Amino acid sequence: MKDNNCIFCKLANGDIPTNSIYEDDDFKVILDASPATKGHALILPKNHFANIFEIDDEVAAKVLPLAKKIANKMIKELGCDGINILQNNGEAAGQTVHHYHVHVIPRTAGDGAIKEWDHLTVSDAETAEIVKKLSF
């Protein structure tokens with residue numbers, strides 16, 4: 001279902017003009033208006049889901065194959081060296097628009113577009129506790 005108050009719903013459903021590079025019944029893929037690199041695209045579901053916790057499993061199952069399709073086109077046509085596929089959930093994780101979306105970001109060596117994260121040292125005891133908490 002579409003949320004009439006959501007900017008990404010409006011973009012995905014054609015209510016606001018976009019630089020669209022792909023569209024099907026479930027998704028619209030547009031170029032990001034504030035890109036990290038040239039060609040940075042957003043995969044937007046046409047229905048509203050705030051985040052990964054709300055997205056229908058059937059829709060979620062279609063996202064990665066679509067990201068792969070977009071990434072392959074970027075490699076071929078833009079000549080980039082690599083691709084970041086990024087998806088944020090919640091403000092603490094960097095989500096600024098609360099409509100599930102996936103970033104597909106073409107990368108070239110040394111572009112500096114995305115800072116690598118700092119790597120932590122986690123003790124064996126802490127690791128064991130995390131494994132215990134997260135195991136199904």
Side-chain angles (χ1 to χ4, degrees):
M1 178 173 289
K2 183 177 158 185
D3 178 346
N4 291 325
N5 296 314
C6 174
I7 187 77
F8 278 11
C9 280
K10 292 176 182 179
L11 294 168
N13 289 285
D15 299 333
I16 297 173
T18 63
N19 290 305
S20 176
I21 62 171
Y22 176 86
E23 185 169 5
D24 63 23
D25 291 341
D26 298 307
F27 302 97
K28 183 178 265 193
V29 181
I30 66 171
L31 294 182
D32 194 309
S34 297
T37 64
K38 292 178 183 177
H40 177 171
L42 301 176
I43 299 174
L44 306 175
K46 291 184 176 180
N47 287 320
H48 184 79
F49 308 99
N51 52 44
I52 198 167
F53 307 110
E54 293 184 6
I55 193 168
D56 290 340
D57 287 348
E58 298 79 30
V59 177
K62 297 175 182 178
V63 173
L64 194 55
L66 179 53
K68 179 182 176 184
K69 180 178 197 164
I70 301 301
N72 279 323
K73 182 78 166 176
M74 288 176 171
I75 292 287
K76 179 181 176 188
E77 299 298 335
L78 301 179
C80 49
D81 301 316
I83 301 287
N84 283 113
I85 297 174
L86 179 66
Q87 203 280 309
N88 302 322
N89 296 281
E91 291 176 20
Q95 186 179 17
T96 58
V97 178
H98 297 280
H99 178 109
Y100 177 90
H101 58 286
V102 175
H103 298 261
V104 184
I105 306 169
R107 300 297 303 274
T108 54
D111 64 23
I114 298 174
K115 181 191 175 300
E116 299 297 324
W117 57 73
D118 296 326
H119 295 272
L120 299 175
T121 300
V122 182
S123 72
D124 290 344
E126 290 170 312
T127 298
E129 184 63 24
I130 293 167
V131 167
K132 182 179 175 181
K133 288 179 177 182
L134 296 181
S135 294
F136 288 86

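Excluded from the calculations below are hydrogen atoms, water molecules and symmetry mates; all remaining heavy atoms, backbone and side chain alike, are included. Position 1 is the first residue of the sequence, and the numbers go up from there. Quantities reported herein were computed from a predicted structural model and do not represent experimental measurements.
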Item to complete: Say whether Ile83 and Ile114 are linked into one hydrophobic cluster, either directly or through other cluster members, by side-chain heavy-atom distances under 4.5 angstrom.
Response: no
Item to complete: Give the minimum heavy-atom separation between Lys46 and Asp25, together with the two atoms involved.
Response: CD-O, 3.5 Å
Worksheet item: Any chain of hydrophobic side-chain contacts (each under 4.5 Å) joining Val102 to Ile21?
Response: yes
Worksheet item: Can you hop from Val63 to Ile70 via hydrophobic side chains spaced under 4.5 Å?
Response: yes
Worksheet item: Is there side-chain contact between Asp15 and Lys2, with at least one heavy-atom pair below 4.5 Å?
Response: yes
Practice prompt. Find the distance between CD1 (Ile16) and CG (Leu11) and round it off to the nearest 0.5 Å.
Written response: 5.0 Å
Discussion item. For the backbone of Phe53 and the side chain of Asn51, can you confirm whether one donor and one acceptor N or O come within less than 3.5 Å of each other?
Written reply: yes
Worksheet entry | CG on Leu42 to CG on Leu31, rounded to 0.5 Å | 8.5 Å
Discussion item. For Ile85 versus Ala67, what's the shortest heavy-atom pair and its separation?
Written reply: CD1-CB, 4.0 Å
Practice prompt. Could you tell me the separation between the CD1 atom of Ile105 and the CG atom of Asp32, rounded to the nearest 0.5 Å?
Written response: 8.0 Å
Worksheet item: Given the rule in the side chain to side chain contact (heavy atoms under 4.5 Å, CB included) test, do Val59 and Tyr100 qualify, once you have shown the distances and angles that lead to the verdict?
Response: CA-CA 11 Å; Val59 177; Tyr100 177 90; over 6 Å; no
Worksheet item: Does Ile43 share a hydrophobic cluster with Tyr22, counting links as ILVMFWY side-chain heavy atoms below 4.5 Å and allowing steps through other members?
Response: yes
Discussion item. How long is the straight-line distance from NE2 of His103 back to CG of Asn84, given to the nearest 0.5 Å?
Written reply: 11.0 Å
Fill in: Value rounded to 0.5 Å, distance of NE2 in His119 from OG1 in Thr121
10.5 Å
Item to complete: Using atom types as modelled and distance alone, determine if a side-chain donor or acceptor of Asp111 lies under 3.5 Å from a backbone N or O of Arg107.
Response: no
Item to complete: Please report the shortest heavy-atom distance between Pro106 and Leu78, naming the atom on each side.
Response: CG-CD1, 4.0 Å
Fill in: Summary of side-chain hydrogen bond (donor to acceptor under 3.5 Å, both in side chains) pairs that have at least one residue in residues 124-136, sequence neighbours excluded
Ser123-Glu126
Discussion item. With rounding to the nearest 0.5 angstrom, report the NE2 to NZ distance, His99 to Lys10.
Written reply: 13.0 Å
Discussion item. Is there a side-chain contact between Lys28 and Thr18 in this structure, where contact means two heavy atoms from C-beta onward sitting under 4.5 Å apart?
Written reply: yes
Worksheet item: Which word best sums up how the rings of His101 and Phe8 line up, parallel for under 30°, tilted for 30 to 60°, or perpendicular for over 60°?
Response: perpendicular
Fill in: Smallest separation among heavy atoms of Ala12 and Leu44, with atom names
CB-CB, 3.9 Å
Worksheet item: Would a hydrophobic clustering, with Ile, Leu, Val, Met, Phe, Trp and Tyr connected at side-chain separations under 4.5 Å, put Val104 with Ile52?
Response: yes
Discussion item. If you compare all heavy atoms of Asp81 against all heavy atoms of Ala109, which two are closest, and at what distance to 0.1 Å?
Written reply: OD2-N, 2.7 Å
Discussion item. Any carboxylate oxygen within less than 4.0 angstrom of a Lys/Arg side-chain nitrogen, looking at Asp24 and Lys69?
Written reply: no
Worksheet, complete the sentence: When every non-hydrogen atom of Met74 is compared with those of Cys80, the smallest separation belongs to O-SG, 3.7 Å
